[in-house]
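In the text below, chain A, chain B and the rest are named by the order of the sequence lines, each starting its count at 1.
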There are 2 protein chains.
Amino acid sequence: MRNPAEILIVEDDAPIRKFLRASLSAEDYRVHEAMTASEGMAQWLARQPDLVLLDLGLPDQDGFTVIRQIRQTALTPIIVLSARGREKDKVEALDLGADDFVAKPFAIGELLARIRALLRRAARIREGVDGATFRATEIEVDLAGRVVRVRGEEVHLTPIEFRLLQALVRHAGKVVTHRQLLVDVWGPQHSEQAQYLRVYMGQLRRKLERDSARPRFLITEPGVGYRLVEG
Amino acid sequence: MRNPAEILIVEDDAPIRKFLRASLSAEDYRVHEAMTASEGMAQWLARQPDLVLLDLGLPDQDGFTVIRQIRQTALTPIIVLSARGREKDKVEALDLGADDFVAKPFAIGELLARIRALLRRAARIREGVDGATFRATEIEVDLAGRVVRVRGEEVHLTPIEFRLLQALVRHAGKVVTHRQLLVDVWGPQHSEQAQYLRVYMGQLRRKLERDSARPRFLITEPGVGYRLVEG
DNA sequence: CCGTACCTTAACGAAATCTTTACACCGGCG
DNA sequence: CGCCGGTGTAAAGATTTCGTTAAGGTACGG
């Protein structure tokens, strides 16, 4: 990441765009702007920004196209801005690979916090810290080496089992939604196949838990998702 | 927020306006005044105050219009002043996005306390402390991780319980109307099912409060809604 | 061609959650 | 005093979501 980070704003509403530019410049980000989806794509190609702020309600095409196109070639963090209450938009945008969602009207402080968080995460991934090792009392996961040990014993996991565990480890201690897990492990087109999760969580528990009927690490959050607790 | 904070008073009654100006100036706030709704909007645009005190009984238009217009573009805290007994006005103003209400005649000390609370909260949001986790003395809510801790202990919440708590946390300190909570958690088609709220507020209190019969965080505002107070 | 490992899919009992109903409580008011 | 609206509590279904198992199906190496 360059320092300062470069941020691309794709937003047709002039006052909001101006406001964003001012707020971001004040935080020492370098700002690029686009008013339409196609101009946004052009700017993205030209500038290769570190993060994209994307309004969904654009004049020429919808913002979803922009997400799709960017995600075809890059993992640049994308924050979607959209009118409040468009729950469907939110789900669709996140399914297409957007990283976060902020409803308008928004509090600028919150938006800045989310930008910082995503830039931090992107930096971590670039530095390969993601390939480190996760340790809990009884479970040890070597993400780079693809090795899992339980109470000292090495345990063999199938590819999908490992990807699933990896997705949980990345957010250790936090709830990961069904949708997130499915998109991460099986891809966006399987984001509704919650049955996969039931089967594979069962298999992971059989391999990792002492008593798979009373799991201590792989916790179910009914109606929401799963969570890996440390310790 | 500038220091001192700037407060806009929109109030047609001269004695009250004068009294407010004196009280607020004594607290070192910078005060702007307007006597009508349209003048209020003009002042708001010109001054971009940190907080608005709004009387609902204005001569030219009603105060509701002012709330609507401000909320189209900003989250500036709004405290509504309303004559006693106008319960419906109060609820409508809050539904439109007002943050708090004070009935006339009011105790100046209480009004000042609510102003301080809203300014504090607005400052925190600007600094981006919100968005991720909410902290009160005994309760900690990790919104991203969907984890709730009470006095250190992790507490499990069902999906609806969590969404309800989340809706309260998002507006921590301010009154949230029955309608807003119902729309947020159950959707627009259930905006009249106030019984849901009684059942689930009861469950939240049982899980979060020391003594659910004497709640300290989840406060009932009879006839209006509920309020989460930060310990 | 066969065996092995793995993935997908369906079926069904169990568990958790949500909805609905019933009733007690409280304060104000005729 | 009884009535009433708004509120809080408890519990019985109804409904949704989970976990488990097992039966194909596919890919790959020997």
In whole Å, what is the span from the [atom1] atom of [X] to the [atom2] atom of [N]?
X: A/R163; N: C/dC6; atom1: CZ; atom2: P; result: 14 Å
X: B/H156; N: C/dA15; atom1: NE2; atom2: P; result: 15 Å
X: B/L204; N: C/dT17; atom1: CG; atom2: P; result: 13 Å
X: A/R198; N: C/dA14; atom1: CZ; atom2: P; result: 17 Å
X: B/R206; N: C/dT17; atom1: CZ; atom2: C1'; result: 14 Å
X: B/L157; N: C/dC18; atom1: CG; atom2: P; result: 10 Å
X: B/Y200; N: C/dT20; atom1: OH; atom2: P; result: 10 Å
X: B/I160; N: C/dT19; atom1: CD1; atom2: C1'; result: 9 Å

Worksheet item: Who are the side-chain hydrogen bond (donor to acceptor under 3.5 Å, both in side chains) partners of A/Q203, not counting sequence neighbours?
Response: none
Practice prompt. Mind checking side-chain hydrogen bond (donor to acceptor under 3.5 Å, both in side chains) for B/E221 and listing every partner two or more places apart, or none if nothing turns up?
Written response: B/R227
Worksheet item: Checking side chain to side chain contact (heavy atoms under 4.5 Å, CB included) for the pair B/V176/B/D184: CA distance, chi angles, key distance, verdict?
Response: CA-CA 11 Å; B/V176 191; B/D184 248 43; over 6 Å; no
Discussion item. I'd like to compare against my own output: the B/S/- annotation of nucleotides 25-30 of chain C with a strict under-4.0 Å heavy-atom distance to protein.
Written reply: ------
Worksheet item: Looking at A/L143, A/D142, A/L204, A/L208, which one forms a side-chain contact (heavy atoms from CB on, under 4.5 Å) with A/V148?
Response: A/L208
Write out a two-atom table: protein N or O, nucleotide N or O from nucleotides 10-13 of chain C, distance below 3.5 Å.
{"residue": "C/dA10", "atom": "N6", "partner": "A/Q195", "partner atom": "NE2", "Å": "2.8"}
{"residue": "C/dA11", "atom": "N6", "partner": "A/Q195", "partner atom": "NE2", "Å": "3.2"}

Discussion item. Side chain of B/T158, heavy atoms from C-beta onward: which of C/dT17, C/dC6, C/dT8 has the nearest atom to it?
Written reply: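 The closest nucleotide is C/dT17.
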Fill in: B/R210 and B/E138 ion-paired at < 4.0 Å
yes
For the pair [X] (side chain) and [Y] (backbone), establish whether a donor and an acceptor sit closer than 3.5 Å, ignoring hydrogens and angles.
X: A/E161; Y: A/T158; value: yes
X: B/R114; Y: B/F101; value: yes
X: A/D99; Y: A/I79; value: no

Discussion item. Check the orientation of B/W186 and B/Y196. Use parallel for under 30°, tilted for 30 to 60°, and perpendicular for over 60°.
Written reply: tilted
Item to complete: Kindly state which residues belonging to residues 175-190 of chain B come within less than 4.0 angstrom of DNA chain D, counting heavy atoms of the residue only, listed by number.
Response: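 Those residues whose heavy atoms fall under 4.0 Å from DNA chain D, taken from residues 175-190 of chain B in numerical order, are B/H178.
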Worksheet entry | Crowding at CD, B/E153 (>12 non-hydrogen neighbours, <6.0 Å) |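 12 or below, so no.
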Practice prompt. Flag yes if more than 12 heavy atoms outside A/R121 fall under 6.0 Å of its CZ atom; otherwise flag no.
Written response: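 12 or below, so no.
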Worksheet item: Run the side chain to side chain contact (heavy atoms under 4.5 Å, CB included) check on B/K207 and B/V150 step by step: do they pass?
Response: CA-CA 8 Å; B/K207 292 184 176 181; B/V150 178; over 6 Å; no
Worksheet item: Rounded to the nearest 0.5 Å, how far apart are CE of B/M201 and CZ of B/R206?
Response: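 So the CE of B/M201 and the CZ of B/R206 are separated by 12.5 Å.
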Worksheet entry | Minimal non-hydrogen separation, B/K174 against B/G97, with atom names |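 Taking B/K174 first and B/G97 second, the nearest heavy atoms are NZ-O, 4.4 Å.
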Worksheet item: Where does the chain A footprint on DNA chain D start and end, counting 5' to 3' with a 4.0 Å heavy-atom cut-off?
Response: D/dT17 to D/dT21
